[in-house]
Amino acid sequence: MHGRCAGRIVETEAYLGLEDLAAHASRGLTGRTRVLFGPPGHAYVYLIYGMYECLNLVAEPEGSPGCVLVRALEPLAGIALMRRRRPTARRVEQLCSGPGRLTMALGITRKLYGASVSHGALTVRNWADGPGFDVEVTARVGVRHCADWPLRFHMAGSRFVSGVSPARRA
DNA sequence: CAATAGATCATCT
DNA sequence: GATGATCTATTGC
């Protein structure tokens, strides 16, 4: 990422294997989905709608193509850098709220395809001693297939989750 | 507010 | 040649 940006993941979605028609991996192993069939702990970054990058983390053993889409981040560091990214000036709550927004804010692109999450530019750490929180489970956003599967997980009450109206941000 | 149109391209058929 | 795990700006009520 450009400089030192960091955030806490507050919203994710799970994408499963063959049985999940909303998952890219359900169409089998292709050039794009190759990393999904590899070992866990690596980034699956792809281009959506011709202009946004989405960050996923491979989360299943080799040969089993499950992954997690990172949908929203609570910015913790490097917020000034995020502000200078492409979106026009906006509130901090919205900087990383949404899969396309957070990759823009952090400068994540397909050049990180396959990158490990245990070291390097894209490092993910466990918040082992962090405060506990409730997780709400809903249907995934923007999918056509398997539209009612409860595979979206977000931190209850977080203002940094996507789809929270400005009025409700308090 | 809520709803919708338009941008834009890698990937797969 | 169609499609899509999105976002922004604009329009309409």
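So you know, we letter chains A, B, ... as the sequences are listed, proteins then strands, and number each from 1. For the numbers below, each heavy atom of this structure counts, side chains included, while hydrogens, waters and symmetry mates do not.
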*All side-chain hydrogen bond (donor to acceptor under 3.5 Å, both in side chains) counterparts of A/Arg8, not counting sequence neighbours*: A/Glu74
*Going only through I, L, V, M, F, W and Y residues with side-chain contacts under 4.5 Å, is there a path from A/Val141 to A/Val68?*
no
*Pairing of DNA chain C as dot-bracket, 5' to 3': ( ) intra-strand, [ ] crossing, | other strand, . unpaired, with Watson-Crick or G-U pairs under 3.5 Å?*
||||.|||||||.
*For B/dT11, take OP1 and OP2 only and decide whether either is under 4.0 Å from a side-chain N or O of A/His24.*
no
*ring pair (Phe, Tyr, Trp, His ring centres under 6.0 Å) with A/Phe153: which residues, sequence neighbours excluded?*
none
_side-chain hydrogen bond (donor to acceptor under 3.5 Å, both in side chains) partners for A/Arg110, two or more places apart_ = A/Glu53
*Which parts of residues 32-42 of chain A get close to DNA chain C, meaning a heavy atom less than 4.0 angstrom away?*
none
_Please classify the nucleic acid contact of A/Leu69 as base, sugar-phosphate, or nothing, using heavy-atom distances under 4.0 Å._
base
_What contact category does A/Gly100 fall into here, base, sugar-phosphate, or nothing, at under 4.0 angstrom with non-hydrogen atoms?_
sugar-phosphate
Sub-3.5 Å pairs of nitrogen or oxygen atoms, protein against nucleotides 4-7 of chain B:
none

_Between P on C/dC7 and CD on A/Gln94, what's the gap in Å once rounded to a whole number?_
11 Å
*Expressed in angstrom and rounded to an integer, what is the separation of A/Glu13 atom CD from C/dA5 atom C1'?*
6 Å
*Would one find a side-chain N or O of A/Arg27 under 4.0 angstrom from OP1 or OP2 of B/dT13?*
no
*With a distance cut-off below 6.0 Å to the six-membered ring centre and an angular limit of 45° from the axis, does A/Arg34 pair with A/Tyr113 as a cation-pi contact?*
no
*For A/Arg144 and C/dT3, is the shortest distance between a side-chain N/O and OP1 or OP2 below 4.0 Å?*
no
*Verdict with reasoning, A/Trp149 to A/Leu16, per side chain to side chain contact (heavy atoms under 4.5 Å, CB included)*: CA-CA 11 Å; A/Trp149 290 21; A/Leu16 313 180; 4.0 Å; yes
*Given B/dA10, is OP1 or OP2 found less than 4.0 Å from the side-chain N or O atoms of A/Arg110?*
no
